Amino acid sequence: SRIVYDDAKTFFATVQEPYDVIISEPSNPWVSGVATLFSEEFYVRIASYLKPDGYLVQWVQLYETDMSIIASIMKALEKQFPTYAIYSTDNTNVLIVATRADTLPEPSDQIFAASTLKKELAVVGIGSLGDVQQRRIGDNRLLAPMFRAYPVPSNSDYFPFVDLNAP
């Protein structure tokens, strides 16, 4: 594995190789300028940097926002990543695991084989695969119809619903 900590736009401007996993941990969607990291255009760009069966993992803060903002984000995401699952990290944040592949595998207990990762997971109260599964809110089959039912547009750089409504 090779882990890179850098500004994504700067890093990907110089790299041509596709990745297995990209983790996006932007600030709150309502912070000025951050909403573009939850837009259709951002997800198109990220998809181009991933292998066809690669994963996007994105953290989304839920506090100081409402479901219409999340629906707009998910509508944008699902255009490039139609297969996803959403996990609760705590009462105010979620983690989206998404792929362009047809299926998203279930989490594996292999994550507990690495002692360093096992210790890090224990810090946040995850000691078993059951703890991971308990945090699963739902997947695209369950949640996409709900998000689509919200009368909001897909977040876009050209129609910035999140930027205009989240604050």
Side-chain angles (χ1 to χ4, degrees), residues 1-27 29 34-62 69-90 93-121 124 126-150 153-157 162:
S1 295
R2 184 168 59 101
I3 299 173
V4 178
Y5 295 96
D6 200 346
D7 174 75
K9 287 183 181 180
T10 303
F11 176 77
F12 287 121
T14 63
V15 175
Q16 300 300 317
E17 65 185 282
Y19 285 81
D20 295 312
V21 178
I22 295 176
I23 300 172
S24 174
E25 189 180 350
S27 188
V34 174
T36 62
L37 299 175
F38 298 98
S39 69
E40 292 177 18
E41 295 76 14
F42 174 76
Y43 296 125
V44 166
R45 235 176 288 128
I46 289 297
S48 71
Y49 302 131
L50 279 171
K51 292 180 179 177
D53 61 346
Y55 300 101
L56 167 65
V57 179
Q58 189 170 41
W59 175 57
V60 182
Q61 296 173 333
L62 300 179
I69 301 301
I70 304 307
S72 182
I73 290 169
M74 294 308 297
K75 285 179 179 184
L77 179 134
E78 100 171 320
K79 290 182 178 186
Q80 294 300 315
F81 298 95
T83 307
Y84 60 84
I86 301 177
Y87 293 86
S88 173
T89 61
D90 57 28
N93 301 282
V94 294
L95 200 62
I96 303 165
V97 180
T99 184
R100 292 177 290 161
D102 293 334
T103 59
L104 187 65
E106 291 296 319
S108 167
D109 61 358
Q110 289 179 340
I111 60 175
F112 300 100
S115 62
T116 305
L117 183 55
K118 186 175 182 175
K119 288 177 189 174
E120 291 293 325
L121 290 169
V124 294
I126 298 177
S128 70
L129 187 56
D131 293 335
V132 174
Q133 293 166 333
Q134 186 176 18
R135 292 172 183 247
R136 184 182 174 117
I137 295 170
D139 63 14
N140 53 287
R141 294 169 299 190
L142 176 68
L143 300 172
M146 177 188 69
F147 293 134
R148 288 185 202 129
Y150 272 82
S154 170
N155 189 48
S156 167
D157 293 346
V162 172

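Being a predicted model, the structure only gives us computed values, none of them experimental. Heavy-atom basis, side chains included; hydrogens, waters and symmetry copies ignored.
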Evaluate the side-chain proximity of Val21 to Val57: yes if any heavy-atom separation is below 4.5 Å, no if none is.
yes
Rounded to the nearest 0.5 Å, what's the gap from CH2 on Trp59 to CD1 on Ile23? Could you check?
13.0 Å
Tell me, do Glu106 and Leu129 make a side-chain contact under 4.5 Å, heavy atoms counted?
no
Going by the rule salt bridge (Lys or Arg N to Asp or Glu O under 4.0 Å), which residues pair with Asp20 if we only count those two or more places apart in sequence or in a different chain?
Lys51
Taking the side chain from Asp131 and the backbone from Gln134, do they hold a donor-acceptor pair closer than 3.5 Å?
no
In terms of heavy-atom contacts, does CG of Asp102 have more than 12 from other residues, nucleotides or ligands at under 6.0 Å?
no
What closest approach, in Å, do Ala76 and Ser154 show between heavy atoms, and which atom pair accounts for it?
CA-OG, 3.1 Å
Is the side chain of Ser24 donor-acceptor paired with the backbone N or O of Gln58 at a distance under 3.5 Å, no angle test?
no
The complete set of ring-ring contact (aromatic ring centres under 6.0 Å, His included) pairs with one or both residues in residues 71-90, sequence neighbours excluded, reads none
Under the salt bridge (Lys or Arg N to Asp or Glu O under 4.0 Å) rule, collect the residues that match up with Arg100, sequence neighbours excluded.
none
Spell out, as yes or no, whether a donor-acceptor pair under 3.5 Å connects the side chain of Ser39 to the backbone of Asn155.
no
Enter the distance from Leu50:CG to Tyr43:OH here, rounded to the nearest 0.5 Å.
12.5 Å
Between atom OG of Ser72 and atom CD1 of Ile70, what is the distance when rounded to the nearest 0.5 Å?
9.5 Å
Please check if the side chain of Thr99 supplies one atom and the backbone of Gly54 the other of a donor-acceptor pair under 3.5 Å.
yes
d(Asp139 CG, Ile96 CD1) to nearest 0.5 Å is 13.0 Å
How about Asn140 and Leu104: do any of their side-chain heavy atoms sit closer than 4.5 Å?
no
Output yes when a side-chain donor or acceptor of Lys75 lies under 3.5 Å from a complementary backbone atom of Tyr150, and no otherwise.
yes
To the nearest 0.5 Å, tell me how far Ile69 CD1 sits from Gln61 CD.
13.5 Å
Between OG1 of Thr36 and CZ of Arg45, what distance do you get to the nearest 0.5 Å?
7.5 Å
State, with a plain yes or no, whether a side-chain heavy atom of Ile86 is found less than 4.5 Å away from one of Val60.
no
Under 3.5 Å, is there a donor-acceptor pair between the side chain of Asp157 and the main chain of Glu41?
no
Give the minimum heavy-atom separation between Arg135 and Ile126, together with the two atoms involved.
NE-CG1, 3.7 Å
